[in-house]
Amino acid sequence: TTSQRGLKVHQQSVHEGIRYYCDRCEYEATTRKNLLNHQQSKHDYVRYSCDQCEFQATTQGSLKMHKQYKHEGVRYSCGECGFLATTQGGLKLHNKSKH
């Protein structure tokens with residue numbers, strides 16, 4: 001499952017110190033996927049273009065988030081005060097600082 005995979009990655013990166021090193025610079029990643037994303041965005045200049053505006057993302061995940069909050073109007077609502085965040089991370093920061 002996803003949580004089992006996440007636990008394994010956590011154990012490897014935090015407790016076992018496993019790192020993946022870029023062969024083109026000094027960057028080190030805690031996962032193979034993060035290393036691949038780094039190499040594509042920093043060295044291969046891979047970009048993912050939004051089909052609705054001029055935005056270009058360095059990862060598919062950031063393009064998906066861009067589309068959700070810029071074009072689809074996705075918002076995350078605070079259950080205590082009604083604040084609307086554009087990302088889950090933004091809502092988490094709001095809750096930590098305001099509640």
Side-chain angles (χ1 to χ4, degrees):
T1 68
T2 302
S3 60
Q4 288 174 331
R5 174 75 183 129
L7 178 59
K8 182 178 179 181
V9 168
H10 166 80
Q11 288 173 330
Q12 289 176 336
S13 66
V14 175
H15 303 293
E16 298 170 21
I18 292 178
R19 297 291 182 268
Y20 300 89
Y21 298 94
C22 182
D23 59 359
R24 296 184 248 180
C25 72
E26 299 298 315
Y27 179 81
E28 62 182 63
T30 56
T31 67
R32 284 189 185 107
K33 183 177 180 180
N34 286 349
L35 177 59
L36 179 62
N37 285 341
H38 160 79
Q39 290 174 331
Q40 287 179 338
S41 68
K42 300 298 181 192
H43 301 298
D44 301 333
Y45 302 104
V46 172
R47 298 295 181 263
Y48 300 90
S49 297
C50 180
D51 58 2
Q52 298 178 41
C53 71
E54 299 297 315
F55 179 79
Q56 290 191 328
T58 57
T59 67
Q60 290 177 324
S62 61
L63 177 60
K64 181 181 176 182
M65 286 182 11
H66 160 79
K67 286 183 172 185
Q68 286 178 336
Y69 72 81
K70 288 292 185 182
H71 303 299
E72 297 169 12
V74 172
R75 298 292 183 264
Y76 300 88
S77 179
C78 176
E80 294 189 44
C81 71
F83 171 80
L84 294 176
T86 56
T87 65
Q88 288 178 324
L91 180 58
K92 187 176 181 178
L93 286 173
H94 162 79
N95 282 325
K96 280 185 173 184
S97 66
K98 302 294 181 186
H99 305 296

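Not measured: the values here are computed from a predicted model.
Expressed to the nearest 0.5 Å, how far CG of L35 lies from OH of Y20 amounts to 9.5 Å. Q56 CD to Y48 OH: the interatomic distance, rounded to the nearest 0.5 Å, is 12.0 Å. Rounding to the nearest 0.5 angstrom, the gap separating the CZ atom in R24 from the NE2 atom in H43 is 5.5 Å. Separation of atoms CG (N34) and CD (Q39) is listed at 11.5 Å; rounding is to 0.5 Å. Rounding to the nearest 0.5 Å gives a distance of 8.5 Å between OG of S49 and CD of E54. Once rounded to the nearest 0.5 Å, the distance linking CG of L84 with OH of Y76 reads 12.0 Å.
Both F55 and V46 are assigned to one and the same hydrophobic cluster, defined by single-linkage of ILVMFWY side chains at heavy-atom distances under 4.5 Å.
For R47, the CZ atom counts as densely surrounded, since its 6.0 Å shell holds more than 12 non-hydrogen atoms of other residues, nucleotides or ligands.
Closest of all the heavy-atom pairs between T30 and S13 is CB-CB, 3.5 Å. The nearest pair of heavy atoms linking E28 to Y21 is OE1-CE2, 3.3 Å. For A85 against G90, the heavy-atom pair with the smallest separation is CB-C, 3.8 Å.
Counting only heavy atoms from C-beta outward, the side chains of K64 and Q60 never approach each other to under 4.5 Å. Here the side chains of T59 and S41 are not in contact, with every heavy-atom distance at 4.5 Å or above.
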Kindly indicate, with the supporting measurements, whether the criterion side-chain contact (heavy atoms from CB on, under 4.5 Å) is fulfilled by K8 and Q12. CA-CA 6 Å; K8 182 178 179 181; Q12 289 176 336; 3.4 Å; yes
Is there a side-chain contact (heavy atoms from CB on, under 4.5 Å) between Q88 and K92? Walk through the geometry before answering. CA-CA 6 Å; Q88 288 178 324; K92 187 176 181 178; over 6 Å; no
Would you sort out whether C81 and H94 count as a side-chain contact (heavy atoms from CB on, under 4.5 Å), showing the intermediate values? CA-CA 10 Å; C81 71; H94 162 79; 3.4 Å; yes
Kindly determine whether H66 and C50 satisfy side-chain contact (heavy atoms from CB on, under 4.5 Å), including the steps that lead there. CA-CA 8 Å; H66 160 79; C50 180; 3.5 Å; yes
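Side-chain atoms of R19 never come within 3.5 Å of backbone atoms of T31 as a donor-acceptor pair (strictly under, hydrogens ignored).
Among H38, Q40, K33, the single residue meeting the side-chain contact (heavy atoms from CB on, under 4.5 Å) criterion with L36 is Q40.
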